[in-house]
Amino acid sequence: MPPRPDLGPNPPLGYTQSRLERAAERRNDEAAMAAFAADPNARCYVIGGELIVMKKASSLSDPLFSLDQARALDGAAETVFLGLADGAARFGVGIGKTAAEELKSRDGFHVTDLRAIAVQGLTAAEHLPPIAEAKALLNWHARHRFCPNCGAATLVTCSGWRRDCPQCRAQHFPRTDPVVIMLAYDGERCLLGRSPRFMPNMWSCLAGFVEPGESFEDAVRRETREEAGITCGHVAYFASQPWPFPTSLMIGCHAQALTHDITVDHAELEGARWFSKDEVISMLLRRHPQGLVTPPPMAIAYHIVRAWVEGEVA
Ligand SMILES: [Zn+2]
């Protein structure tokens, strides 16, 4: 048997390894926040719903604005504190979706969605984690204006990391929604599926939300059984990835398949089938004869599949 092709250096996983120091202990310190905001080195990321606003530059677009520049884009802008970069504050500024749409046609701006930025490498990789942080946090604010306990309008506190209810005194914290994403394998084959939302020819790991009262391992087994009719045994954690669409955390796992006959849940998937290791390698390398591909290297699915191919599965 010929040796398997080398997949090359392992590319970075998108939205991870943030260089920001979150400085959570400063969030309630109003004097410190005022000083951070007044620092001439303070910068912010500007987000309008799904759109990220950047400045056009000669090569990569620049997503950092001064606070004054950002607030001039939309009078109703909302600000959250993200952390410190070499001692200088980084904020997230949320502007209206309409204001962001309008900037698309303004000279000097590059306005697009975060998936495009990450997949196409439209800005320096170091900006992806703080943009993901800002996008998820601002999205939470946009969807949690009212107290789920009593219905009163809530107030932003802790520099954007909490909302307090003035009526019933409940405190509300930003939410993160755990999603398991897993590769079921059986010796030299693995199970990939296709969602109707995927671009044509892309096959990926199965995935689904973790439900209340469920462990990650149980969620992996349940989702694989529900979506593809495959029963899994041993589940091993691999890695995680923030997925700010809008506020998910992907929990990557490998799962040993105990059964082989696939029954596709067509409400969730367009298809699911077994792939050989060689076929998956050709997909990772973008050399598949029918043009089938895995997700791009910035996504955790690529890394989950690749780790299995490279024999790094517990
Ligand atoms: Zn309340």
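Indexing begins at 1, ligand by ligand and atom by atom, following the structure's order.
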Going by ring-ring contact (aromatic ring centres under 6.0 Å, His included), name the residues that satisfy it together with Phe65, two or more places apart in sequence or in a different chain. none
Restricting to pairs with a member in residues 110-125, which pass side-chain hydrogen bond (donor to acceptor under 3.5 Å, both in side chains), not counting sequence neighbours? Ser61-His110
Listed protein N/O/S atoms, distance to the Zn ion (ligand 1) under 2.8 Å: Cys147 SG, Cys150 SG, Cys165 SG, Cys168 SG
When you compare the side chains of Thr294 and Arg286, does any donor N or O come within less than 3.5 Å of an acceptor on the partner? yes
Between Lys55 and Leu64, is there a donor-acceptor pair closer than 3.5 Å when you use the side chain of the first and the backbone of the second? yes
Pair listing, side-chain hydrogen bond (donor to acceptor under 3.5 Å, both in side chains) test, anchored in residues 24-46, at least two apart: Tyr45-His127
I need the Ile300 CD1 to Ile251 CD1 distance, nearest 0.5 Å. 8.5 Å
